[in-house]
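Below: the structure, in structure tokens.
Residue numbers run from 1 in the order of the sequence given. Each ligand, and each atom within it, is numbered from 1 in the order the structure gives.
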Amino acid sequence: MANYDVIVIGSGPGGYVAAIRCAQLGLKTACVEGRETLGGTCLNVGCIPSKALLHASHQLHEAEHNFAKMGLKGKSPTVDWPQMLAYKNDVISQNTKGIEFLFKKNKVDWLKGWGTIPAAGKVQVGEEIHETKNIIIASGSTPASVPGAEVTIDEKIVVTSTGALELGKIPKKMVVIGAGVIGLEMGSVYARLGTEVHVVEFLDHITPGMDGEVQKTFLRLLKRQGMNFTLGAAVQKVETLKTKAKVTYKLRKNDAEATMDADVVLVATGRKPYTDGLGLQALGVQMSPRGQIQTDAQWRTNVPGIYAIGDCIDGPMLAHKAEDEGMATAEVIAGKHGHVNYNVIPGVIYTHPEVANVGATEEQLKQEGQAYKVGKFSFMGNGRAKAVFAGEGFVKILADKTTDRILGAHIIGPAAGDLIHEICVAMEFGASAEDLALTCHAHPTYSEAVREAALACGDGPIHM
Ligand code: FAD
Ligand code: NAI
């Protein structure tokens, strides 16, 4: 048994960042993790492995579609799937070991096992009970099933993202349920590897919550890459038939029922907070009807000394949102000022092209009755993008009609996930579109398209 200032439960991006920041601030800190390796969903079965497979499959796509155009002739590579998985596992291992190193460097104790909270100020791991002044719950999330449908997930034929990252072989045909972030990223991976991918989505559009124009362009580009979509379809059941599965869905417009067979069905209909085994009910910790731990603006639960962050509380289920909450909670516990600006949290989809957004969408601004202007610039007018066959897509900046202050931005195109941060910084400083437009941007870069979109909020872009 040991006494700590802080025990963090969960070592995902929320938990490990909170633990390191607490230690940096001079607090004696431990982090409890039940998995074999540190890093949570993100490093083990989420962000990192999916990006490794997206990267590898994108290289194949480039070889198949663009190499010859640049005079790089010869046969395209063939796919050695076990080796691709080994590469992905190596990337995971490098990252999870990196967190182990950071824990040692910062003197954070890793308490191995599943933690419970028998009382405020105590965390039990196995037989041992540790005393602590503060507890941060960062227990993350798990995949949700298909609401209202009969589905049994076996992680082989009917899989969540976890099984999709580890399939025994590349399926001939895959049905993806849900055209959200996971469905489109993992669907892209398999479509590039030669799988016939069908996405079945409940709504009439893909990627709910995203800017409408981006949704339409994104759908068009994914279709052109060979992905198939059935929108406005409510999945009723998924049956497993020996080595295949059958998906039954109803079209919402006319209630017509249809079925689709597949070698693999990926269920990608969202994630839910994971708080099992923590003993929160007995402690009287307040939960939302959706199973999230309720906190105040400084991540305190209603039980003194217990905080919660990341996917197990309200807000977007994103690694960087969890990290920011982890850092801010550490500051609060250390008696400093912890703050997260929820208006400036970027979202990125790592398909090709990438899709990124921050702040308000046009639909939101219309609904709020806010007067705004739109500055849009196509990557077709960007020399660098055209040189690398990446002229599809655009940058769209939304600015206040009167003050020119940037309210949101939406990018679909090359390196969108990096470009968006220029706009995040601008928004944090309360910048106007003109501030961006007056900033010198190196040529030839993709970021010139951001400047041109900012110019389009004023007198107009130069290269369009
Ligand atoms: P988690 O990462 O879920 O970590 C929680 C940890 O707590 C787990 O390791 C769990 O074992 C541990 N734990 C839980 N209960 C206990 C207990 N009682 N005792 C001990 N340990 C416990 N987000 C992005 O921002 N970018 C991406 O590109 C991205 N890609 C993703 C791809 C996929 C396929 C998936 C599934 C998710 C992706 N996400 C991405 C979302 C991201 O992974 C999560 O938002 C993020 O991991 C949340 O961090 P967290 O610290 O709250 O929880
Ligand atoms: P999601 O919420 O992004 O998408 C789920 C989709 O499933 C929605 O489009 C929804 O309308 C649809 N759906 C729900 N019920 C359905 C039904 N019965 N039939 C058909 N469609 C149905 O959830 P997803 O993709 O599972 O991702 C979970 C979380 O993981 C997200 O919150 C996301 O933030 C995070 N994530 C982030 C990534 C990134 O930042 N690049 C990558 C992967 C995941």
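Protein heavy atom at the shortest distance from atom 35 (C) of ligand 1 is Gly46 CA, 3.6 Å. Ranking protein heavy atoms by distance to atom 4 (O) of ligand 2, first place goes to Gly180 CA, 3.2 Å. Looking only at heavy atoms of the protein, atom 21 (N) of ligand 1 is closest to Gly34 N, 3.2 Å. At the shortest separation from atom 29 (C) of ligand 2 among protein heavy atoms lies Arg271 CD, 3.8 Å. Protein heavy atom closest to atom 38 (C) of ligand 2, with residue, atom name and distance, is Val181 CG1, 3.3 Å. Protein heavy atom at the shortest distance from atom 41 (C) of ligand 1 is Met317 O, 3.6 Å.
Considering both main-chain and side-chain atoms, Thr41 comes within under 3.5 Å of ligand 1 through a nitrogen or oxygen pair. The distance criterion of under 3.5 Å between nitrogen or oxygen atoms is met by Ile182 with respect to ligand 2. Any N or O atom pair closer than 3.5 Å counts here, and Leu318 shares at least one such pair with ligand 1. Ligand 2 has a nitrogen or oxygen under 3.5 angstrom from a nitrogen or oxygen of Glu185. For the pair Asp311 and ligand 1, the shortest N or O to N or O distance falls below 3.5 Å. Taking distance alone, with nitrogen or oxygen atoms compared against 3.5 Å, Gly115 approaches ligand 1 more closely than that limit. Checked against a 3.5 angstrom limit, the closest N/O atoms of Arg35 and ligand 1 fall inside it. The shortest N/O to N/O separation between Ala322 and ligand 1 does not fall below 3.5 Å. Between Tyr350 and ligand 1, a contact under 3.5 Å exists for no N or O pair.
With ligand atoms numbered from 1 in the order given, ligand 2 contributes 6 (C), 7 (O), 12 (C), 21 (N) to contacts under 4.0 Å with heavy atoms of Gly178. Atoms of ligand 2 lying under 4.0 Å from any heavy atom of Val200, numbered from 1 in the order shown and given with element: 20 (C), 21 (N). Near Ile177, meaning under 4.0 Å from any of its heavy atoms, are these atoms of ligand 2: 19 (N), 20 (C). Heavy-atom contacts of Val235 reach the following atoms of ligand 2: 19 (N) (cutoff under 4.0 Å). Shown in contact with Leu203 at under 4.0 Å from a heavy atom are these atoms of ligand 2, numbered in order with element: 11 (O). Those atoms of ligand 2 that come under 4.0 Å of a heavy atom in Phe202, given as number and element, are 16 (C), 17 (C), 19 (N), 20 (C), 21 (N), 22 (C). Near Met317, meaning under 4.0 Å from any of its heavy atoms, are these atoms of ligand 2: 32 (O), 33 (C), 34 (O), 35 (C).
Heavy-atom separations between Val45 and ligand 1 include at least one value shorter than 4.0 Å. Heavy-atom distances between Pro147 and ligand 2 reach below 4.0 Å in at least one pair. Contact between Cys312 and ligand 1 is absent, with no heavy atom of the residue lying under 4.0 Å from the ligand.
Remark: Ile206 CD1 to Lys223 NZ distance equals 9.0 Å, nearest 0.5 Å.
Among Ala319, Ser141, Pro273, Ala18, the residue whose heavy atom lies closest to atom 24 (C) of ligand 1 is Ala319. Evaluated by nearest non-hydrogen atom to atom 36 (C) of ligand 1, the leading choice among Met186, Arg271, His320, Lys321 is Arg271. The closest heavy-atom contact to atom 5 (C) of ligand 1, among the options Gly10, Pro13, Ala138, Gly15, comes from Ala138. For the residues Ala233, Gly270, Ala268, Gly183, the heavy atom positioned nearest atom 6 (C) of ligand 2 is part of Ala268. Here atom 27 (C) of ligand 1 lies nearest to Cys47 when heavy atoms of Gly40, Cys47, Gly14 are compared.
Taking the six-membered ring for Trp and thresholds of 30 and 60 degrees, His61 and His352 have ring planes inclined between 30 and 60 degrees apart. Ring geometry for Tyr4 versus His130: interplanar angle of 30 to 60°, hence tilted.
Around NZ of Lys133, the count of heavy atoms belonging to other residues, nucleotides or ligands within 6.0 Å does not exceed 12.
Heavy-atom minimum distance, Thr41 versus Ser141: OG1-O, 3.9 Å.
Residue contacts with ligand 2 for Val348 involve N, CA, C or O but no side-chain atom from C-beta outward (heavy atoms, distance under 4.0 Å).
A salt bridge does not link Lys112 with Glu33: every distance from a Lys NZ or Arg NE/NH1/NH2 to an Asp or Glu carboxylate oxygen is 4.0 Å or more.
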